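Chain naming here is simple, since letters A, B, ... match the order of the sequence lines and numbering starts at 1 in each. These numbers come from a predicted model, not from an experiment.
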Amino acid sequence: MSLILSEQEQVRRGALKEMHDLGINPYPPEAYEINTNSEAILRDFPSNESAFQDVCIAGRIMSRRIMGAASFCELQDSAGRIQLYFKRDDICLGEDKTMYNTVFKRLLDIGDIIGIRGYVFVTQMGEISVHVREFKVLSKSLRPLPIVKEKDGQIYDAFTDPEQRYRMRYVDLIVNDAVKHTFIKRTKIINSMRNFFNEQGYLEVETPILQPIPGGATARPFMTHHNALDIPLYLRVANELYLKRLIVGGFDGVYEFAKDFRNEGMDRTHNPEFTVMEIYVAYKDYNWMMDFTERMLERVALETNGSTKTNIQTQEIDFKAPFKRISIIDSIKEHTGFDVSQSSESELRDICKKLGVDTDPAMGKGKLIDAIFGEKCEHHYIQPTFITDYPVEMSPLCKRHRDNPELTERFELMINGKEIANAYTELNDPIDQRNRFEEQMNLSARGDDEAMFIDQDFLRSLEYGMPPTSGMGIGIDRLVMLLTGNTTIQEVLFFPQMRPEKIRKGVSADDFIQIGVSTDWAIHLVPAGFVSVEMLLAEKASAIQAKLNGYRKKNKLDMPAIQMDEIEAWLKK
RNA sequence: GAUUCGUUAGCUCAGCUGGUAGAGCAUUUGCCUUUUAAGCAAAGGGUCUCGGGUUCGAAUCCCGAACGGAUCACCA
């Protein structure tokens, strides 16, 4: 911890000490029982005044308006904010006015957590407030909170620096009300999906995060090492292959909300760890899954926002089922005019060239088609749209299309120009699956470092027989972004990945103690203007003495003035 | 990873073509018994992100680094 505290931090530590001196524990151990909260009071008081004659609530002081013997402050609890009214002679019934004059007015600050007991009333300005009879300090805050003020919907001095907000999410949550609501919605969305699945009788399961073979998706994994077994392990990039093993094992429907990890770029739609929901249902195909997915999303939107419609930037998106469906080949035809259904790899390269789509030699047919779609079609799909029937090369875990073996029974759900969900009629033919993995190995040999590894145990499970199954994965973070109107993933993750915080280098008191400075003086050297040992040594002893004793006088330090011989001793060392 | 912009008080930001730092809120001290971005009066608070360079003199100009934002590439 730094020895250098800002003035405001010093003031708060001083207040802490004064509280101790008054016999007040600023961090009391016992529970504080509340009997209501800000939201309930504001909502129910007008219709039932008598129920609020003895309320007890607790929370954080967010603003104070002190006027002599009476004051107002705003208390923020988990449900919202409410105004408190403190009157000196009501807080302090006897002659001793310490609790008001000293504790409330001087020792409490914005950010402190208190509990209060009192009765609810309406001020002359018409605001429902609590008239405080007694209060208790529950936790003293030692750092000043960024103060956000608001009037007529206009926000002043908002705490907006993204770096600070993401690194100190706790402060962000305290001060920026909308942030809390985003995360409450996130949980609502997940609960809503979970209820939907549970109602159908599907089983929520957990599968390994540490995997010996990172299968189920094409992505670069994070690697780690298990010491006891002395083997490499990977953080999962997907959980697909494990969930399918469970379908082999005889469950009709399994699902998992999973943190997946991908060692790739970070930007406003990608975080190295992210949440995916994957579900697998036996005896179904991708057509059924499309119906299921649109029903689920319609319900989730309705339960979260009270409407199937949601706004993101200037777009309005409607989750009302059914969604549009179009095959990837038809989509490319529609947006580029090219029919790529019969094209060879070299023909596809020509088309890419004509369309100005970048390619590289490692790309096979599937990736080329995907590149065209990604660049020319994807961004057109603002309203929820199922893109179906992807080429076989880019879908190694997906069953071949019943009408065309070059294609697969796969769909991706595009919303607001982005992929939100991905689903297959799962490939359950073990021989075909083995061949597909081998093709992936060939792609890998061509330099595609995202092609899949072969998971022999997964193949063995398929050889025991997996029922026809459809599976679907949905990016929870992106869905939350859509349903909360956020455009960056960092806004829907409590703690997005950041570069490690820079440790402020600088001298510590110890560095000065090394050269013989007494402990008492060492802590004052930096504030007095000596920011390095070298700087101190470069000065003349008389100049140092003048400076330090000047500092001592200015800050009224309770210690003797420093003497020349002491300083000369430092300089000799 | 590339390009680009940014980093000044606890927070939000000014600071013109280089002359040694300002505002509002927050803090401290007064006054104020129903205010509401409370008000009035006064005060304190800054290694101008860091390291070099140019200069008599750098928050300001130049070079480099760190961190962050935006865009692009890869990907969900």
Quiz prompt | Donor-acceptor pair under 3.5 Å, Glu127(A) side chain vs U34(B) base | solution = no

Quiz prompt | Nearest-0.5 Å distance that lies between atom CZ in Phe494(A) and atom OG1 in Thr182(A) | solution = 9.5 Å

Quiz item: Reckon Asp161(A) touches a base, only the sugar-phosphate, or nothing at all at heavy-atom distances under 4.0 Å?
Solution: sugar-phosphate

Quiz item: Base, sugar-phosphate, or nothing for Gly475(A), non-hydrogen atoms under 4.0 angstrom?
Solution: nothing

Practice problem: Could you give the distance separating A41(B) and A26(B) at their P atoms, to the nearest angstrom? | Solution: 14 Å

Quiz prompt | Distance (rounded to the nearest 0.5 Å) between Leu413(A) CG and Asn422(A) CG | solution = 10.0 Å

Self-check item: Options C11(B), G10(B), U36(B), nucleotide nearest the side-chain atoms of Ser6(A)
Solution: G10(B)

Quiz item: G46(B) and C40(B): how far apart are their C1' atoms, nearest whole angstrom?
Solution: 27 Å

Quiz prompt | P-based separation of C48(B) from A58(B) [nearest Å] | solution = 12 Å

Practice problem: Sticking with atom C1', work out how far U36(B) lies from C32(B), rounded to a whole angstrom. | Solution: 16 Å

Quiz item: Can you list the residues that meet the side chain to side chain contact (heavy atoms under 4.5 Å, CB included) rule with Ala238(A), with sequence neighbours excluded?
Solution: Ala217(A), Asp260(A), Arg262(A), Glu278(A)

Practice problem: Mind checking side chain to side chain contact (heavy atoms under 4.5 Å, CB included) for Ile128(A) and listing every partner two or more places apart, or none if nothing turns up? | Solution: Ile41(A), Leu42(A), Phe45(A), Pro46(A), Val120(A), Val122(A)

Protein-nucleic acid N or O pairs under 3.5 Å, nucleotides 70-72 of chain B:
from	atom 1	to	atom 2	distance (Å)
U71(B)	OP1	Arg268(A)	NH1	2.8
U71(B)	OP2	Arg268(A)	NH1	2.8

Self-check item: Between G10(B) and U27(B) - P atom distance, rounded Å
Solution: 14 Å

Self-check item: Pairwise P distance, G19(B) and G57(B) [rounded to whole Å]
Solution: 14 Å

Practice problem: Could you pull out all residues at least two apart from Tyr381(A) that satisfy ring-ring contact (aromatic ring centres under 6.0 Å, His included)? | Solution: His335(A)

Quiz prompt | Side chain of Tyr85(A) - closest among G68(B), U36(B), U34(B) | solution = U34(B)

Practice problem: For Glu163(A), enumerate each residue passing the side chain to side chain donor-acceptor pair (under 3.5 Å) test, keeping only those at least two apart in sequence or located in another chain. | Solution: Arg167(A)

Self-check item: Sugar-phosphate only, base, or nothing, as touched by Glu74(A) at under 4.0 Å among non-hydrogen atoms
Solution: nothing

Self-check item: Under the 3.5 Å Watson-Crick or G-U criterion, the dot-bracket string of RNA chain B, with | for inter-strand pairs
Solution: (((((((..((((.....[..)))).(((((.......))))).....(((((..]....))))))))))))....

Quiz item: Would you call the rings of Phe386(A) and Phe411(A) parallel, tilted or perpendicular, where under 30° means parallel and over 60° means perpendicular?
Solution: perpendicular

Quick test: give all pairs of protein nitrogen or oxygen and nucleotides 25-32 of chain B nitrogen or oxygen below 3.5 Å, distance rounded to 0.1 Å.
from	atom 1	to	atom 2	distance (Å)
C25(B)	O3'	Lys149(A)	NZ	3.2
A26(B)	OP1	Lys149(A)	NZ	3.1
A26(B)	N3	Gln8(A)	NE2	3.1
C32(B)	N3	Ile66(A)	O	3.4
C32(B)	N3	Gly68(A)	N	3.2
C32(B)	N4	Gly68(A)	N	3.3

Self-check item: A66(B) phosphate, OP1 or OP2, under 4.0 Å from Arg499(A) side-chain N/O
Solution: no

Exercise. Report the residue (Pro162(A) or Thr269(A)) whose heavy-atom-nearest nucleotide on RNA chain B is the more 5′ of the two.
Key: Pro162(A)

Exercise. Under 4.0 Å between any heavy atoms, over every strand shown, what does Thr160(A) touch: base, sugar-phosphate, or nothing? Just pick one.
Key: sugar-phosphate

Quiz item: With Thr102(A), which residues qualify under side chain to side chain donor-acceptor pair (under 3.5 Å), at least two apart?
Solution: none

Practice problem: Return the set of residues passing side chain to side chain donor-acceptor pair (under 3.5 Å) with Asp172(A) (not counting sequence neighbours), or none when no residue passes. | Solution: Arg165(A), Arg169(A), Asn176(A)

Counting only pairs under 3.5 Å, give me each side-chain donor-acceptor contact of residues 88-96 of chain A, with atom names and distances, residues two or more places apart or in other chains.
from	atom 1	to	atom 2	distance (Å)
Asp89(A)	OD1	Lys97(A)	NZ	3.1
Asp90(A)	OD2	His131(A)	NE2	2.5
Asp96(A)	OD1	Thr98(A)	N	3.0
Asp96(A)	OD1	Thr98(A)	OG1	2.3

Quiz item: If you look only at pairs with a residue in residues 412-421 of chain A, which of them pass as a side chain to side chain donor-acceptor pair (under 3.5 Å), with sequence neighbours excluded?
Solution: Tyr390(A)-Glu412(A), Arg410(A)-Glu412(A)

Exercise. Identify whether any heavy atom of Gln124(A) sits under 4.0 Å from a base atom; if not, whether one sits that close to sugar-phosphate; answer base, sugar-phosphate or nothing.
Key: base

Practice problem: Using ring-ring contact (aromatic ring centres under 6.0 Å, His included) as the criterion, list what pairs up with His379(A), not counting sequence neighbours. | Solution: none

Quiz prompt | Distance between C1' atoms of G22(B) and A14(B) (Å, rounded) | solution = 7 Å

Quiz item: Using atom P of each nucleotide, how far apart are U7(B) and U12(B) to the nearest Å?
Solution: 13 Å

